[in-house]
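Quick caveat: nothing in here was measured; it's all calculated off a predicted structure. Every chain is numbered from 1, with letters handed out A, B, ... down the list of sequences.
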Amino acid sequence: MASFKTLPGFREFYPEDYAQRKHIFQIWRQVARRFAFQEFDGPVLESLELFTTKSGPEIESQLFCFEDKGGRQVSLRPELTPSLARMVAARANGLKRPIKWFSIGDNFRYERQQKGRLRCFTQLNVDLLGEAGPSAEIELIALLVQSLLGFGLTEEDFYVRLSDRNLWMLYLATLGYDEDAIGGILGVVDKWERMPEEKLIAQLQEVAGEKAAELKASVDAFLKLDSVDAIRECFAGVESSDEAKAELDARLSDWQTLLDGLGAMGLTGFIKIDLSIVRGLAYYTGFVFEAFDKKGEFRALAGGGRYDALVKKMGGPDMPAVGFGMGDVVLGELLKARGKMPQFVESLDFFIVSGGDAEKLTALSDVALLRQAGYSVEYQLKPQAFGKQFKAATGSGARFALIYGSEELEKGVVKLRNLADRSEQDLPRDRLLEAVRELV
RNA sequence: GUGGUAGUAGCUCAGUUGGUUAGAGCACCGGAUUGUGAUUCCGGGGGUCGCCGGUUCGAGUCCGGUUUAUCACCCCA
């Protein structure tokens with residue numbers, strides 16, 4: 001016999017696993033709706049170009065892509081954002097602003113799997129488009145925090161690191177670096193903690209030359225900042241033009257608005273200013289944020305930020321946007337590790353226990369009746385001793401057993417047994433539905 | 001794509017310096033038990049010891065390759 005296995009990085013969900021999956025989706029949906037976001041979805045398969053346009057041709061090595069029978073270069077989606085950008089762009093003029101959309105869907109990445117990282121995973125995507133100010137970030141970060149709280153996680157379990165690519169641009173510009181250099185420097189900042197010092201300096205030399213050591217000191221100082229006041233002071237120590245000063249003032253005012261808003265929502269305890277978050281390559285243009293477990297055992301739970309240029313790049317109008325994604329893999333691992341993954345028991349309304357063949361037929365007609373009325377009903381397919389049937393009834397998680405024995409049917413009743421407290425009572429069979437409705 | 005570690009029943013694992021027919025617990029199925037539940041007792045099914053090759057009289061055990069998992073690196077949208 002041939003033996004088939006799942007492909008690497010793809011999961012199977014047995015009922016008990018699927019119950020956990022469903023739980024995660026339910027909380028995600030609940031919270032997104034509380035924040036008045038609307039659910040949508042895009043195609044799972046897209047043209048390869050959609051993704052290479054957004055992320056560059058190098059991305060292809062990490063895609064599940066192939067040529068379809070019509071000779072088209074296609075790819076399973078590695079993320080939802082490009083599809084979203086296209087969808088929004090197509091109807092940009094007709095959509096009410098702000099556009100608040102969310103989606104729960106499978107994404108595919110051709111990477112080697114490791115802890116918290118698979119080739120097929122499900123991600124919650126939440127995006128708010130059409131609002132340029134920090135009130136959009138307030139909504140999204142609040143939603144992110146509330147969704148994690150919705151799983152029973154607490155301030156002890158997770159926090160959100162908040163950073164700002166704009167601030168980095170302003171800072172590095174005042175130090176005299178141009179846009180290209182800044183991109184390179186941020187690429188290094190992204191790896192700051194993981195790289196040994198000599199290697200950092202070597203990489204900084206590529207953009208800063210002889211000033212690499214000086215630049216490194218400046219970056220180190222900047223990374224230590226953890227409040228708006230500290231940021232303001234840091235900039236006060238550097239010479240800059242009036243224009244740059246005005247930009248900085250505006251940006252610091254955005255920061256204050258964002259932090260005040262999150263504070264008003266009671267979320268200050270979840271937020272940590274941490275400028276080391278710059279989020280890799282990225283099309284991010286402003287605030288960026290990532291959620292982590294506080295013990296630091298897992299990779300990021302969620303990440304996102306502002307991407308004001310993307311919709312236009314994907315062929316749409318100028319459209320400011322903020323979004324974040326949260327995957328089911330790391331979240332599931334964290335919930336299990338913290339004991340926040342509930343044990344799910346399938347609950348049934350009735351389990352039918354019946355005697356011989358004649359009683360079984362009578363029972364079956366009532367099974368049909370009860371099911372049609374909306375109750376969940378189970379029974380043993382094979383004839384079995386009463387004792388076995390009760391054992392099965394208990395194991396099924398049903399609230400009640402309905403007993404169809406010869407004694408009951410002769411009297412025109414059905415015996416109802418409460419499986420939790422073991423109490424029993426007779427119900428008239430000719431008014432079974434009415435009697436059941438009063439009880440259940 | 002690169003490297004470390006591992007792979008024995010559905011699950012968790014045992015298996016002696018290489019030696020008879022590869023075991024246990026849990027789970028599952030059946031019986032004791034055709035009128036009442038988690039206990040108990042008895043029984044049963046289930047294994048290409050990941051796969052291929054090598055050494056050997058003999059390999060679950062030693063060697064090589066391969067594959068899968070896992071961890072780290074690269075990357076992380």
Peer 1: Which value, in whole Å, describes the distance between the P atoms of nucleotides B:C63 and B:G7?
Peer 2: 13 Å
Peer 1: Is the number of heavy atoms from other residues, nucleotides or ligands within 6.0 Å of CD (A:Gln62) greater than 12?
Peer 2: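 Yes - once you tally the heavy atoms of other residues, nucleotides and ligands closer than 6.0 Å, there are more than 12.
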Peer 1: Roughly how many Å is it from CD in A:Glu58 to C1' in B:C76, rounded to a whole number?
Peer 2: 14 Å
Peer 1: Round to a whole Å and report the spacing from CZ of A:Arg165 to P of B:A77.
Peer 2: 10 Å
Peer 1: Base, sugar-phosphate or nothing for A:Pro8? Non-hydrogen atoms, less than 4.0 Å.
Peer 2: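 Sugar-phosphate: the residue A:Pro8, judged by heavy atoms under 4.0 Å, touches backbone atoms but no base.
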Peer 1: What pairs of nitrogen or oxygen atoms, one from the protein and one from nucleotides 35-42 of chain B, lie under 3.5 Å apart?
Peer 2:
{"from": "B:G35", "atom 1": "O6", "to": "A:Ser406", "atom 2": "N", "distance (Å)": "3.0"}
{"from": "B:G35", "atom 1": "O6", "to": "A:Glu407", "atom 2": "N", "distance (Å)": "3.1"}
{"from": "B:G35", "atom 1": "O6", "to": "A:Glu408", "atom 2": "OE1", "distance (Å)": "3.4"}
{"from": "B:G35", "atom 1": "N1", "to": "A:Glu408", "atom 2": "OE1", "distance (Å)": "2.7"}
{"from": "B:G35", "atom 1": "N1", "to": "A:Glu408", "atom 2": "OE2", "distance (Å)": "3.0"}
{"from": "B:G35", "atom 1": "N2", "to": "A:Glu408", "atom 2": "OE2", "distance (Å)": "2.4"}
{"from": "B:U36", "atom 1": "O2", "to": "A:Arg417", "atom 2": "NE", "distance (Å)": "3.3"}
{"from": "B:U36", "atom 1": "O2", "to": "A:Arg417", "atom 2": "NH1", "distance (Å)": "3.2"}
{"from": "B:U36", "atom 1": "O2", "to": "A:Glu424", "atom 2": "OE2", "distance (Å)": "3.4"}
{"from": "B:U36", "atom 1": "N3", "to": "A:Glu424", "atom 2": "OE2", "distance (Å)": "2.8"}
{"from": "B:U36", "atom 1": "O4", "to": "A:Lys415", "atom 2": "NZ", "distance (Å)": "3.1"}
{"from": "B:G37", "atom 1": "N7", "to": "A:Arg417", "atom 2": "NE", "distance (Å)": "3.4"}
{"from": "B:G37", "atom 1": "N7", "to": "A:Arg417", "atom 2": "NH2", "distance (Å)": "2.6"}
{"from": "B:G37", "atom 1": "O6", "to": "A:Arg417", "atom 2": "NE", "distance (Å)": "2.8"}
{"from": "B:G37", "atom 1": "O6", "to": "A:Arg417", "atom 2": "NH2", "distance (Å)": "2.9"}
{"from": "B:G37", "atom 1": "N1", "to": "A:Leu419", "atom 2": "O", "distance (Å)": "2.4"}
{"from": "B:G37", "atom 1": "N2", "to": "A:Thr394", "atom 2": "OG1", "distance (Å)": "3.4"}
{"from": "B:G37", "atom 1": "N2", "to": "A:Leu419", "atom 2": "O", "distance (Å)": "2.9"}
{"from": "B:G37", "atom 1": "N3", "to": "A:Thr394", "atom 2": "OG1", "distance (Å)": "2.7"}
{"from": "B:A38", "atom 1": "OP1", "to": "A:Lys391", "atom 2": "NZ", "distance (Å)": "3.0"}

Peer 1: For B:C74 and B:G3, measure between their C1' atoms and round to the nearest Å.
Peer 2: 12 Å
Peer 1: Less than 6.0 angstrom from the centroid, inside 45 degrees of the normal: does A:Arg399 satisfy that with respect to the ring of A:Phe350?
Peer 2: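 The answer is no; the distance or angle limit is not met.
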Peer 1: Starting at atom CE of A:Met195, determine the distance to atom P of B:C74, rounded to an integer number of angstrom.
Peer 2: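 These atoms are roughly 7 Å apart.
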Peer 1: Scan A:Gly327 against the nucleic acid and name what it touches under 4.0 Å (heavy atoms): base, sugar-phosphate only, or nothing.
Peer 2: nothing
Peer 1: What pairs of nitrogen or oxygen atoms, one from the protein and one from nucleotides 43-47 of chain B, lie under 3.5 Å apart?
Peer 2:
none

Peer 1: What interatomic distance, in whole Å, is found between P of B:G18 and the corresponding atom of B:C13?
Peer 2: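 These two P atoms come out 24 Å apart once rounded.
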Peer 1: Taking donor-acceptor contacts at under 3.5 Å, does the side chain of A:Arg109 reach the base of B:C76?
Peer 2: no
Peer 1: By the definition ring pair (Phe, Tyr, Trp, His ring centres under 6.0 Å), identify the one residue from A:Phe270, A:Phe298, A:Phe151 that meets it with A:Phe158.
Peer 2: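 Testing each of A:Phe270, A:Phe298, A:Phe151 against A:Phe158, the sole residue satisfying ring pair (Phe, Tyr, Trp, His ring centres under 6.0 Å) is A:Phe270.
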Peer 1: Roughly how many Å is it from CG in A:Leu7 to P in B:U67, rounded to a whole number?
Peer 2: 15 Å
Peer 1: Hey, is A:Asp41 close enough to A:Arg77 for a salt bridge, meaning N to O under 4.0 Å?
Peer 2: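 Looking at A:Asp41 and A:Arg77, the cut-off is met.
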Peer 1: Could you state the atom-to-atom distance from CZ of A:Arg194 to P of B:C74 in whole Å?
Peer 2: 6 Å
Peer 1: Give the nucleotide from the list B:A77, B:A72, B:C76 with an atom nearest to the side chain of A:Lys115.
Peer 2: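 From the listed options, B:A72 comes nearest.
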Peer 1: Using the six-membered ring of A:Phe287, assess whether NZ or CZ of A:Arg306 lies under 6.0 Å from its centre and within 45 degrees of the ring axis.
Peer 2: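 No, A:Arg306 does not lie over the aromatic ring of A:Phe287.
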Peer 1: Roughly how many Å apart are B:G53 and B:U17, using the C1' atom of each and rounding to a whole number?
Peer 2: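 Going atom to atom, C1' in each nucleotide, I get 25 Å.
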Peer 1: Tell me, please, which residues at least two apart from A:Gln114 pass side chain to side chain donor-acceptor pair (under 3.5 Å).
Peer 2: A:Arg299
Peer 1: In whole angstrom, give me the gap between the C1' atoms of B:U68 and B:G54.
Peer 2: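 Rounded to whole Å, the distance is 22 Å.
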Peer 1: Taking B:C75 as the reference, what is the distance to B:U12 when you measure between their C1' atoms (whole Å, please)?
Peer 2: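 It comes out at 35 Å once rounded to the nearest Å.
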Peer 1: Rounded off to whole Å, could you give me the CG-to-P distance for the A:Asp17 and B:G10 pair?
Peer 2: 17 Å
Peer 1: Quick check on B:A77: is either OP1 or OP2 less than 4.0 Å from any side-chain nitrogen or oxygen of A:Gln62?
Peer 2: no
Peer 1: The side chain of A:Pro78 is closest to which nucleotide in this list: B:G30, B:A69, B:A77?
Peer 2: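 Of all the options, the side chain of A:Pro78 is nearest to B:A77.
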Peer 1: Do A:Arg21 and A:Asp106 sit within salt-bridge range, that is, some charged N less than 4.0 Å from a carboxylate O?
Peer 2: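 Between A:Asp106 and A:Arg21 there is a salt bridge, with a charged N closer than 4.0 Å to a carboxylate O.
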Peer 1: Testing A:Ile141, A:Val288, A:Ile277 for side chain to side chain contact (heavy atoms under 4.5 Å, CB included) with A:Leu162, which one passes?
Peer 2: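 Exactly one option meets the side chain to side chain contact (heavy atoms under 4.5 Å, CB included) with A:Leu162, and it is A:Ile141.
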Peer 1: Between A:Arg251 and A:Asp254, does any NZ, NE, NH1 or NH2 come within less than 4.0 Å of an OD or OE carboxylate oxygen?
Peer 2: yes
Peer 1: Would you mind telling me which of B:A69, B:G31, B:C75 lies closest to the side-chain atoms of A:Lys388?
Peer 2: B:G31
Peer 1: Return the value, rounded to whole Å, for the distance between atom CD of A:Gln389 and atom P of B:G30.
Peer 2: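 Atom-to-atom, A:Gln389 to B:G30, this comes out as 12 Å.
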Peer 1: Taking all atoms of both residues into account, what is the closest heavy-atom pair of A:Asp164 and A:Leu275, and its distance?
Peer 2: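 Scanning both residues, the minimum pair turns out to be N-CD2, 4.2 Å.
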Peer 1: Taking the P atom of each, how far is B:G50 from B:G60, in whole Å?
Peer 2: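 Taking atom P in both B:G50 and B:G60, they lie 10 Å apart.
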Peer 1: Between A:Arg86 and A:Glu46, does any side-chain N to carboxylate O distance fall below 4.0 Å?
Peer 2: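 Judged by the 4.0 Å cut-off on N to carboxylate O distance, A:Arg86 and A:Glu46 do form a salt bridge.
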Peer 1: Between A:Glu408 and A:Arg429 (salt bridge meaning N to carboxylate O under 4.0 Å), is one present in this structure?
Peer 2: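 Salt bridge between A:Glu408 and A:Arg429, a charged N being under 4.0 Å from a carboxylate O: no.
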Peer 1: How would nucleotides 1-9 of chain B be written as a contact map, 5' to 3', with B for base contact, S for sugar-phosphate-only contact and - for no contact, using protein heavy atoms under 4.0 Å?
Peer 2: BBB------
Peer 1: Without decimals, in angstroms, what is the distance between A:Glu79 CD and B:C75 C1'?
Peer 2: 14 Å
Peer 1: Do NZ/NE/NH1/NH2 and the carboxylate oxygens of A:Glu156 and A:Lys294 come within less than 4.0 Å?
Peer 2: no
Peer 1: Test of understanding: with side chain to side chain donor-acceptor pair (under 3.5 Å), list the residues that count as partners of A:Glu39, not counting sequence neighbours.
Peer 2: A:Arg29
Peer 1: Does the pair A:Lys100/A:Asp127 count as a salt bridge with the N-to-O cut at 4.0 Å?
Peer 2: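 Result for this pair is no, no salt bridge flagged.
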Peer 1: Dot-bracket, 5' to 3', for RNA chain B please: Watson-Crick or G-U pairs under 3.5 Å, [ ] where pairs cross earlier ones, | where the partner sits on another strand, dots elsewhere.
Peer 2: (((((((..((((.....[...)))).(((((.......))))).....(((((..]....))))))))))))....
Peer 1: Roughly how far apart are A:Leu50 CG and A:Ser55 OG, rounded to 0.5 Å?
Peer 2: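 One gets 9.0 Å once the value is rounded to the nearest 0.5 Å.
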Peer 1: Determine the interatomic distance between P on B:A32 and the same-named atom on B:G23; round to the nearest Å.
Peer 2: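 My reading of the P atoms in B:A32 and B:G23 gives 29 Å.
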